[in-house]
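Encoded as structure tokens, the structure appears first; notes follow it.
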Protein chains: 2
Amino acid sequence: MDRQILQERLAALIASTPVGERLPSEPKLAKQLGVSRATLREAMRVFETQGLVWRRQGVGTFVARPAQVLESGLEVLESIERMAERIGLPVTMGELHVQVQSASRSVANVLQLEPGASIVHVARVILVEDRPAAYLEDMVPEGYLTVEEVNGYFTGSVLDLLLRRESPPLGSSRCEINSVAAESAVARALNIQRGDAVLRFVSLLYTVDGKPIDYSLSYFLPGYFRFHVVRRVS
Amino acid sequence: MDRQILQERLAALIASTPVGERLPSEPKLAKQLGVSRATLREAMRVFETQGLVWRRQGVGTFVARPAQVLESGLEVLESIERMAERIGLPVTMGELHVQVQSASRSVANVLQLEPGASIVHVARVILVEDRPAAYLEDMVPEGYLTVEEVNGYFTGSVLDLLLRRESPPLGSSRCEINSVAAESAVARALNIQRGDAVLRFVSLLYTVDGKPIDYSLSYFLPGYFRFHVVRRVS
DNA sequence: CCGCTGTCAATTGTCTGACAACCCATTAAG
DNA sequence: CTTAATGGGTTGTCAGACAATTGACAGCGG
């Protein structure tokens, strides 16, 4: 059995088990899923780390909360478009600007490039019911992304584009969360007043071997999206 | 060896290994740490889930990024006071209000209580260099927290108080992130204008068996604190 | 009847040894 | 020079076993 399949089946099991209920014992579950106890335990450790289940020696493994909560959290990197699709919110893309720029000093520094290196800059507005809800900027070193690629296949998400071409394999993203007053460019794009409160994500996406590949700024108008994160104790 | 010790030693090893470098092979590392390969793999799976390391069959295990990044992220539940202490930011507590209230319908609903049940309401302002930086509200069902306890030992953090008394054991917290315009009470507490942008966390803390124990609203002025979260792929 | 204690089965935590799958460098063959 | 085979090293998985812990239950004494 594939590892991913195992994780999904376990997630389904956890989701379908009432909170507080005990899961089948490890030997039974391992036999039922057709894997060894060691493999099952390793997979279960992931859910334990995420606070979904809770194990106690001599007693059993219990469901702490439904898996659904996590699936929509910030822990998993997901494009706005896929998130909207999942929750059934119809979004469209307005005003798209794609161009090749030379990186400024600060951007080059963040992306670990030489100052002046070519980057592809993608900026667009996300519309919900034809009203601006988010403004997204992505900066990707040229070579990982081409202007033609964006103009050809673009559905609104740079992340989905990078995920589709499986090389380089993506690792994780570090996302800093702020509340800022909208500067003029952002205010214009979102059709709000300068100085209005917007939620800003500053994200840096890394490949598995730690190279930054996408520096993005996301501005969200309050109300359209709900973001959350599950925080574990110790 | 204790599980926590093992995790800490592994975290130290990862932190002291340059990004991109290979870790010792599993058999060697297991022997070196005095645990079996199965146990080591289970522990390592935690770091893999968090995007700290990256394993590839037939090749090895590699460090994806330094552990330090995660340690200050939102994934781990930590009080503002401890976070400030860790980054060397001197904070003090201003205006503390503690009182027993009867829960409103919405609060009772969130905390899974009968409407009108008694809750302990704690509100205080966090000062950085004698200037307001955050406004925190906690609502805890009576029984988990007493007014005397707060007035006696309080250092500014309800979370630390709940952590100190080890029963009930805490599980995880779900934190929703918003950017909102400050309402009048918050604006007054933080000494800002009504309508100014503040970052708001709405958190619900659960025990390991899934009972809500602390409903908290946190308002942060931009600039004093930096919050981030690591998002993993798929 | 109540409370205490020892016993026992069930469950998770860990260990051992082994094999499979995979990757990479080296070597051999063409 | 190019290509195929090979072998060592690494992670992925497995089966079986034992240790540690827990909760329930029977038995006993008061």
Side-chain angles (χ1 to χ4, degrees), chain A residues 1-10 13-14 17-18 20-64 166-169 171 207-210 232 234, chain B residues 1-10 13-14 17-18 20-64 166-169 171 207-210 232 234:
Chain A
M1 167 174 314
D2 195 296
R3 198 187 90 182
Q4 180 130 16
I5 306 291
L6 174 61
Q7 290 285 347
E8 285 172 10
R9 289 186 64 178
L10 276 180
L13 173 66
I14 294 170
T17 303
E21 285 295 297
R22 220 197 68 192
L23 293 177
S25 72
E26 291 179 355
K28 284 183 187 172
L29 198 50
K31 189 170 184 181
Q32 183 181 325
L33 293 171
V35 298
S36 73
R37 245 193 93 202
T39 303
L40 173 66
R41 279 187 59 80
E42 229 185 288
M44 204 59 104
R45 180 61 85 91
V46 173
F47 294 106
E48 191 193 14
T49 308
Q50 296 168 1
L52 281 173
V53 303
W54 157 57
R55 298 190 283 193
R56 197 156 153 217
Q57 183 172 157
V59 185
T61 305
F62 299 85
V63 175
E166 300 191 348
S167 79
T207 61
V208 285
D209 49 350
R232 67 177 196 280
S234 90
Chain B
M1 167 174 313
D2 194 296
R3 196 188 91 182
Q4 181 129 17
I5 307 291
L6 175 60
Q7 291 285 348
E8 285 172 9
R9 289 187 62 178
L10 276 180
L13 173 65
I14 294 170
T17 304
E21 285 295 298
R22 221 196 66 192
L23 294 177
S25 73
E26 291 177 355
K28 285 183 186 172
L29 198 50
K31 190 170 184 181
Q32 182 181 325
L33 293 170
V35 298
S36 72
R37 243 192 93 201
T39 304
L40 173 65
R41 280 187 58 81
E42 232 186 283
M44 205 58 104
R45 181 59 86 91
V46 173
F47 293 107
E48 191 192 13
T49 309
Q50 296 167 1
L52 280 173
V53 302
W54 156 58
R55 296 192 284 194
R56 196 156 153 220
Q57 184 173 158
V59 184
T61 305
F62 299 85
V63 175
E166 301 193 347
S167 78
T207 61
V208 285
D209 48 351
R232 68 176 195 281
S234 88

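So that the names make sense, note that chain A is the first sequence line, chain B the second, and so on, each numbered from 1. As a basis for the values below, the full set of heavy atoms in this structure was taken, side chains included, without hydrogen atoms, waters or symmetry mates.
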Protein-nucleic acid N or O pairs under 3.5 Å, nucleotides 14-17 of chain D:
unit_1, atom_1, unit_2, atom_2, d
D:dC14, OP2, A:S36, N, 2.9
D:dC14, OP2, A:S36, OG, 3.3
D:dC14, OP2, A:T39, OG1, 2.7
D:dA17, N6, A:R37, NH1, 3.3

Problem set entry | Derivation and outcome, salt bridge (Lys or Arg N to Asp or Glu O under 4.0 Å), residues B:E42 and A:R55 | CA-CA 14 Å; B:E42 232 186 283; A:R55 298 190 283 193; 3.2 Å; yes
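- Atom CD in B:Q57 sits about 5 Å away from atom C1' in D:dG12, given to the nearest Å.
- In this structure, B:L29 and B:M44 have side chains that are in contact, with non-hydrogen atoms separated by less than 4.5 Å.
- Checking B:V59 against A:G60, the closest nucleotide of DNA chain C that is more toward the 5' end is the one next to A:G60.
- Note that the CZ atom of A:R41 and the OG1 atom of A:T61 stand 8.0 Å from one another [nearest 0.5 Å].
- What separates CH2 of B:W54 from P of D:dG12 is a distance of 12 Å, to the nearest Å.
- Looking only at side-chain heavy atoms (C-beta outward), B:L52 and B:V63 stay at 4.5 Å or farther from each other.
- Between B:L10 and B:L33 there is a side-chain heavy-atom pair separated by less than 4.5 Å.
- Note on A:T61: every side-chain N or O is 4.0 Å or more away from OP1 and OP2 of C:dT11.
- Of the side-chain N and O atoms in A:R55, one or more sit less than 4.0 angstrom from OP1 or OP2 of C:dG13.
- Side-chain contact between B:Q50 and A:T49: present, with at least one pair of heavy atoms (C-beta onward) separated by less than 4.5 Å.
- Between A:I14 and A:F47 there is a side-chain heavy-atom pair separated by less than 4.5 Å.
- Nearest approach of A:T17 to A:L13, heavy atoms of both residues: OG1-O, 2.7 Å.
- Between the CZ atom of B:R22 and the P atom of D:dG9 there is a distance of 11 Å, rounded to whole Å.
- The pair A:E48-A:R45 meets the salt-bridge criterion, since a charged nitrogen lies less than 4.0 angstrom from a carboxylate oxygen.
- The strand DNA chain D forms stems, runs of 3 or more Watson-Crick or G-U wobble pairs with distances below 3.5 Å, at C:1-30 with D:1-30.
- Here C:dG13 presents its P atom at 7 Å from CD of B:E42, a figure rounded to the nearest Å.
- A sub-4.0 Å separation between OP1 or OP2 of C:dT11 and a side-chain N or O of A:R56 is absent.
- Within residues 24-32 of chain A, no residue has any heavy atom under 4.0 Å from DNA chain D.
- Residues A:E26 and A:L40 are in side-chain contact: their nearest non-hydrogen atoms beyond the backbone lie under 4.5 Å apart.
- The CG atom of A:L23 sits 9.5 Å away from the CD atom of A:E21 when rounded to the nearest 0.5 Å.
- Here D:dG12 presents its P atom at 17 Å from CD1 of A:I5, a figure rounded to the nearest Å.
- Across the protein-nucleic acid pair, A:M44 atom CE and C:dG13 atom P stand 10 Å apart, rounded to whole Å.
- Residue B:S25 holds its OG atom at 10.0 Å from CD of B:Q32, rounded to the nearest 0.5 Å.
- For the pair A:F62 CZ and D:dT22 P, the interatomic distance rounds to 12 Å; values are reported in whole Å.
- One interatomic measurement links the two molecules: CZ of A:R41 to P of D:dA19, which rounds to 17 Å at whole-angstrom precision.
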